[in-house]
Amino acid sequence: MPGIELPVVGPPVPEIPRYTGDIDRDAWGLMRGGLAEEITGGLAYPSKMDCPAWGISATRCRIGAALAKQPGTVCAACYAMKGTFRAKAVADKLERAYRGLFDPRWTPALYALIRWHATDRFRFFHSGDFQGENHFLNIMRICAATRDVLFWIPTREVALVREHADAIPENAVVRISGNVIDGPAPTWWPTTSTVATDPRRATCPSSKKGGNCGTHHCTACWSPQGNVAYLRH
Ligand code: SF4
């Protein structure tokens, strides 16, 4: 019809299955033959980290995709969209990780990898964010089953955190990210992060001086209280 633009309708996104099984029983056997890696896309070891991590492509961030269109936001300048994560091999791995979320074995598979590879700390979302309620609850299930590991989970999915705060176990530090560069930290949640352009306002030594968390003997992002300010790259 001339003069009227119809919205583009893409294929419906399937729902991530909510895991409710016996995680130890279901994890049994998934480490054989690289099955857990195949299902989850495998763990990552970003150079800025001194522990394993897991994430998906930043192009899958639901809130980030909207924020990326607004100048001055952290997402508009997102390193994951334009830096290392754009390398094809890395992008392919992150996309495989995303697709694995729809496998009903995803939760016990990632749990098995974390049990095997993480000693005391783990990071979720070195890239990407929660993909909805079931994804949030599946990750909390993993954290609750792995109490000897501390989890740092940065997110912009504030509605999920507000709605399911009771499901977050004590060893999971969900860190709400501020949206605007040089903006204030969110005040409604105890663990937050911001991005600063002035090195004097940044508190993350790794972002200011290079190296990684281990180099600086810093675990501030896993701390259950306070804001961490990263220097913008
Ligand atoms: S604040 Fe500390 S723990 Fe967080 S990223 Fe920087 S060096 Fe690592």
Side-chain angles (χ1 to χ4, degrees), residues 43-58 61 63-64 67 73-87 90 93-94 97 110 113-114 117-130 139-140 142-143 146-158 161 168-233:
L43 302 185
Y45 294 86
S47 58
K48 292 284 181 193
M49 308 298 307
D50 63 342
C51 70
W54 178 90
I56 56 177
S57 170
C61 290
I63 290 175
L67 285 170
T73 64
V74 175
C75 297
C78 175
Y79 70 100
M81 302 282 274
K82 65 186 181 187
T84 312
F85 292 112
R86 273 260 173 104
V90 179
K93 178 181 163 90
L94 292 171
L110 189 57
L113 285 176
I114 291 170
H117 293 286
T119 49
D120 56 351
R121 284 175 296 124
F122 188 85
R123 177 178 178 180
F124 273 101
F125 301 129
H126 60 298
S127 169
D129 206 334
F130 293 114
I139 285 180
M140 294 311 148
I142 292 170
C143 298
T146 324
R147 295 288 183 151
D148 52 342
V149 174
L150 267 178
F151 293 88
W152 162 22
I153 314 175
T155 184
R156 299 182 191 287
E157 293 280 350
V158 296
V161 176
I168 303 172
E170 282 185 1
N171 58 322
V173 176
V174 174
R175 193 165 286 282
I176 301 291
S177 309
N179 291 331
V180 179
I181 294 172
D182 286 328
T187 55
W188 59 276
W189 190 251
T191 42
T192 57
S193 72
T194 49
V195 173
T197 54
D198 183 345
R200 291 170 300 182
R201 293 182 60 200
T203 59
C204 166
S206 172
S207 67
K208 289 199 287 188
K209 301 173 188 166
N212 64 27
C213 312
T215 312
H216 298 286
H217 306 289
C218 181
T219 56
C221 290
W222 286 270
S223 166
Q225 291 292 327
N227 183 64
V228 174
Y230 309 107
L231 183 64
R232 190 182 76 166
H233 298 289

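In each ligand, atom 1 is the first atom listed, and ligand 1 is the first ligand listed.
- Scanning all protein heavy atoms for the shortest distance to atom 2 (Fe) of ligand 1 gives Cys218 SG, 2.3 Å.
- Within the 4.0 Å heavy-atom shell around ligand 1 one does not find Ser207.
- Side chain to side chain, Asn227 and Thr194 meet the donor-acceptor criterion of an N or O pair below 3.5 Å.
- The main-chain N or O of Leu67 is never found under 3.5 Å from a side-chain atom of Asn179 such that the two would form a donor-acceptor pair.
- Expressed to the nearest 0.5 Å, how far SG of Cys221 lies from CZ of Arg175 amounts to 5.5 Å.
- Within the listing of ligand 1, atoms 3 (S) sit less than 4.0 angstrom from a heavy atom of Trp222.
- Less than 4.0 angstrom separates some heavy atom of Val228 from each of these atoms of ligand 1: 1 (S).
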(request) Kindly determine whether Phe124 and Phe130 satisfy ring-ring contact (aromatic ring centres under 6.0 Å, His included), including the steps that lead there. (result) CA-CA 10 Å; Phe124 273 101; Phe130 293 114; 7.8 Å; no

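- The protein heavy-atom contact nearest to atom 6 (Fe) of ligand 1 is Cys204 SG, 2.3 Å.
- One of the N, O or S atoms belonging to Cys221 lies under 2.8 Å away from atom 4 (Fe) of ligand 1.
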(request) Apply side-chain contact (heavy atoms from CB on, under 4.5 Å) to the pair Leu94 and Ser127, showing each step before the final yes or no. (result) CA-CA 8 Å; Leu94 292 171; Ser127 169; 4.0 Å; yes

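- Ion pair Arg232/Asp182 not flagged as a salt bridge, since none of the NZ, NE, NH1 or NH2 atoms sits closer than 4.0 Å to an Asp/Glu carboxylate oxygen.
- Closest to atom 8 (Fe) of ligand 1, if we only count protein heavy atoms, is Cys213 SG, 2.3 Å.
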